[in-house]
Amino acid sequence: MKKSSKQLMTAAVLGTAALFTEAALAQGTTFLTIGSGSTTGVYFPVATGMAKMMNDAGGGLRANARSTGGSVFNMSAMATGELNAAVAQNDVVFYAYTGTGLDAFKGKPDKKLRTMAVLYPEVLHVLARKDSGINSIADLKGKKVVIGDLGSGTEQTAAQVMEAYGLKFDDLGQALRVSPSQGISLMQDKRADAMFYTVGVGASAIAQIAQTVDVKLVPVAGNQAASLIKKYPFYVRYNIPAKSYKGIDVTVPGVAVQATLVTTSAESEDTIYKAMKAAFGDEKALKAIHPALATNFSYAKAVKGLPAPLHPGAVKFFKEMGVSVK
């Protein structure tokens with residue numbers, strides 16, 4: 001019987017976990033559990049790819065990529081030591097580092113957070129059914145809109161973007177706080193008119209819905225985008241290229257934050273240097289992991305827009321690569 005892609009994915013994850021557990025018995029081995037996100041997003045394949053590169057490099061370092069609830073969960077799990085490293089939005093990392101922004105972090109700054117590298121822009125996708133009558137953010141008023149999981153980075157982004165257009169969640173017909181995969185299902189079933197999703201361009205979840213439902217991408221542009229960027233400097237302008245998804249035939253102006261690989265000061269300089277050398281030493285191999293990296297990553301960009309100080313191990317690596325860092 002032919003196995004489904006979901007079964008193969010599950011088997012791969014379990015296999016990785018088994019190898020990780022076996023390696024845990026090896027004396028003198030250092031371990032990194034890397035938090036990612038939903039298996040339908042970009043974090044998971046990126047973290048899995050980097051973990052494989054770390055494992056293939058040997059040198060006493062073993063890494064395991066774990067699917068999680070995303071940026072906010074990852075930062076909380078880093079604070080408790082449940083995760084050793086994670087991929088997360090740079091704005092969420094900053095909120096966690098400073099103890100600001102999100103309720104999960106307010107008054108509880110995690111000064112142990114350290115940046116390893118900025119990876120790629122995480123683009124805000126505002127996806128709407130073509131039959132919803134939504135052509136701008138302002139048109140979301142009175143509609144059923146997926147705004148992300150409660151307390152998620154996407155929820156925060158949705159609130160900030162809507163604010164730029166003079167809207168609040170209360171202005172929506174219904175604010176749906178669910179995961180990206182649940183949001184896709186709601187869109188497919190016509191139980192949601194639109195959804196916010198902060199993710200790298202090419203995310204499988206959006207590609208999937210574009211194959212089955214007539215959808216459009218709603219632009220974030222003009223004065224509203226300018227005011228958003230002025231108030232929240234994590235954002236940058238980013239145009240989603242035409243043909244990125246089925247049925248999206250024009251370039252759509254938008255905004256993005258940055259996906260960032262982070263760790264904590266609890267990890268030694270040697271451990272993080274080895275991890276950096278393994279995952280980032282071969283830039284061509286790193287970019288082959290995912291199109292989001294292929295089209296956006298560079299050593300120069302990797303040290304721009306840092307939400308927390310660079311880890312000493314990352315500093316050592318980037319200096320070897322000829323990048324100016326402190």
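Keep in mind it's a predicted model, so treat the numbers as computed, not measured.
Here the shortest heavy-atom pairing between Leu140 and Ala194 reads CD2-CB, 3.8 Å. Of all the heavy atoms in Arg237 and Ala225, the pair that sits closest is NH1-CB, 3.6 Å. What you find for Met53 and Ala285 is that their closest heavy atoms are CE-CB, 3.8 Å. The nearest pair of heavy atoms linking Ser36 to Ala47 is CB-CB, 3.7 Å. Taking each heavy atom of Ser298 and Glu283 in turn, the nearest pair found is CA-OE2, 3.6 Å. Between Val236 and Ile229, the closest heavy-atom pair is C-CD1, 4.2 Å.
Remark: side-chain polar atoms of Asn90 are not paired, donor with acceptor, to backbone N or O of Leu306 under 3.5 angstrom. No donor-acceptor distance shorter than 3.5 angstrom exists from the side chain of Asp189 to the backbone of Arg191, with no hydrogens or angles considered. In this structure, Ser67 contributes its side chain and Gly37 its backbone to a donor-acceptor pair below 3.5 Å. Using modelled atom types, one side-chain atom of Asp193 and one backbone atom of Lys144 make a donor-acceptor pair closer than 3.5 Å. Without hydrogens or angle criteria, Asn84 side chain to Thr33 main chain gives a donor-acceptor distance under 3.5 Å. With Thr271 contributing its side chain and Glu267 its backbone, the two residues share no donor-acceptor pair below 3.5 Å. Although no hydrogens or angles enter the test, the distance criterion places a donor-acceptor pair under 3.5 Å between the side chain of Arg129 and the main chain of Met187. When atom types are taken as modelled, the side chain of Ser244 and the backbone of Ile240 share no donor-acceptor pair closer than 3.5 angstrom. Under the 3.5 Å distance criterion, the side-chain polar atoms of Lys143 are matched with a main-chain donor or acceptor of Ser132. Listed for the Thr68 side chain is no donor-acceptor partner under 3.5 Å among the backbone atoms of Gly35.
Distance check: Glu155 CD to Gln160 CD gives 10.5 Å after rounding to the nearest 0.5 Å. Atom CG of Asn296 is separated from atom NE2 of His290 by 11.0 Å, given to the nearest 0.5 angstrom. To the nearest 0.5 angstrom, Lys216 atom NZ is 8.0 Å from Ile134 atom CD1. Expressed to the nearest 0.5 Å, how far OG1 of Thr251 lies from CG of Asn239 amounts to 6.5 Å. For the atom pair OG1 (Thr39) and CZ (Phe44), the distance works out to 6.5 Å, reported to the nearest 0.5 Å. For the atom pair Leu32 CG and Leu61 CG, the distance stands at 5.0 Å (nearest 0.5 Å).
Here the side chains of Tyr232 and Asp91 are not in contact, with every heavy-atom distance at 4.5 Å or above. In this structure, Lys287 and Thr295 have side chains that are not in contact, with every pair of non-hydrogen atoms separated by 4.5 Å or more. For the pair Val220/Tyr165, a side-chain contact is recorded, criterion being any heavy-atom separation below 4.5 Å from C-beta on. With a 4.5 Å cut-off on side-chain heavy atoms, Val161 and Leu228 count as touching. Here the side chains of Tyr235 and Gln258 are not in contact, with every heavy-atom distance at 4.5 Å or above. Between Gln208 and Gln188 the shortest side-chain heavy-atom distance falls below 4.5 Å. You'll find the side chain of Leu186 reaches within 4.5 Å of the side chain of Val178, heavy atoms only. Side chains of Ile34 and Leu83 form no contact here, defined as non-hydrogen atoms less than 4.5 Å apart.
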Verdict with reasoning, Gln89 to Thr260, per side-chain hydrogen bond (donor to acceptor under 3.5 Å, both in side chains)
CA-CA 6 Å; Gln89 294 177 201; Thr260 308; over 6 Å; no

Take Leu217 and Leu127, measure what side chain to side chain contact (heavy atoms under 4.5 Å, CB included) needs, and give me the verdict at the end.
CA-CA 5 Å; Leu217 287 170; Leu127 198 65; 3.7 Å; yes

Starting from the C-alpha separation in whole Å, work towards a yes-or-no answer on side chain to side chain contact (heavy atoms under 4.5 Å, CB included) for Met78 and Leu113.
CA-CA 8 Å; Met78 295 270 283; Leu113 284 171; 3.9 Å; yes

Tyr273/His311 under side chain to side chain contact (heavy atoms under 4.5 Å, CB included): CA gap, chis, key distance, verdict
CA-CA 9 Å; Tyr273 171 73; His311 191 284; over 6 Å; no

Decide side chain to side chain contact (heavy atoms under 4.5 Å, CB included) for Val46 and Leu293; before the verdict, give the C-alpha distance in whole Å, the side-chain angles of both, and the deciding distance to 0.1 Å.
CA-CA 8 Å; Val46 166; Leu293 290 167; 4.1 Å; yes

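Taken together through direct or relayed side-chain contacts under 4.5 Å among Ile, Leu, Val, Met, Phe, Trp and Tyr, Leu261 and Val257 form parts of separate hydrophobic clusters. If you chain together hydrophobic residues whose side chains sit under 4.5 Å apart, Val262 and Phe318 never meet in one group. Hydrophobic clustering (side-chain heavy atoms under 4.5 Å, transitive across Ile, Leu, Val, Met, Phe, Trp, Tyr) groups Ile184 together with Val215. Val42 and Leu124 end up in different hydrophobic clusters when Ile, Leu, Val, Met, Phe, Trp and Tyr side chains are linked at under 4.5 Å. Ile137 and Tyr238 are members of different hydrophobic clusters when ILVMFWY side chains are connected at heavy-atom separations under 4.5 Å.
His125 and Tyr245 share a side-chain donor-acceptor pair at under 3.5 Å. A side-chain N or O of Gln182 and one of Ser179 form a donor-acceptor pair less than 3.5 Å apart.
The environment of NZ in Lys301 is crowded: more than 12 heavy-atom neighbours from other residues, nucleotides or ligands sit within 6.0 Å. Shown here is Lys141, whose NZ atom has no more than 12 heavy atoms of other residues, nucleotides or ligands within 6.0 Å.
Pairs of residues two or more places apart, or lying in two chains, that qualify as salt bridge (Lys or Arg N to Asp or Glu O under 4.0 Å) and include a residue from residues 246-263 are Lys243-Asp249.
Using a 4.0 Å cut-off between charged nitrogen and carboxylate oxygen, Glu320 and Lys316 do not count as a salt-bridge pair.
Partner Pro219 forms a side chain to side chain contact (heavy atoms under 4.5 Å, CB included) with one of Asn135, Val255, Val250, Val252 and no other, that one being Val252. Only one option out of Gln224, Lys168, Lys231 pairs with Glu163 in a side-chain hydrogen bond (donor to acceptor under 3.5 Å, both in side chains); it is Lys231.
With ring centers used as reference points, Phe297 lies under 6.0 Å from Phe280. Residues Tyr95 and Phe234 place their aromatic rings such that the two centres sit under 6.0 Å apart.
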Donor-acceptor contacts, no H, no angles, side chain residues 114-123, under 3.5 Å, sequence neighbours left out:
unit_1	atom_1	unit_2	atom_2	d
Arg114	NH1	Lys111	O	2.8
Thr115	OG1	Ala308	N	3.4
Thr115	OG1	Ala308	O	2.6
Glu122	OE1	Tyr43	OH	2.4
Glu122	OE2	Tyr43	OH	3.0

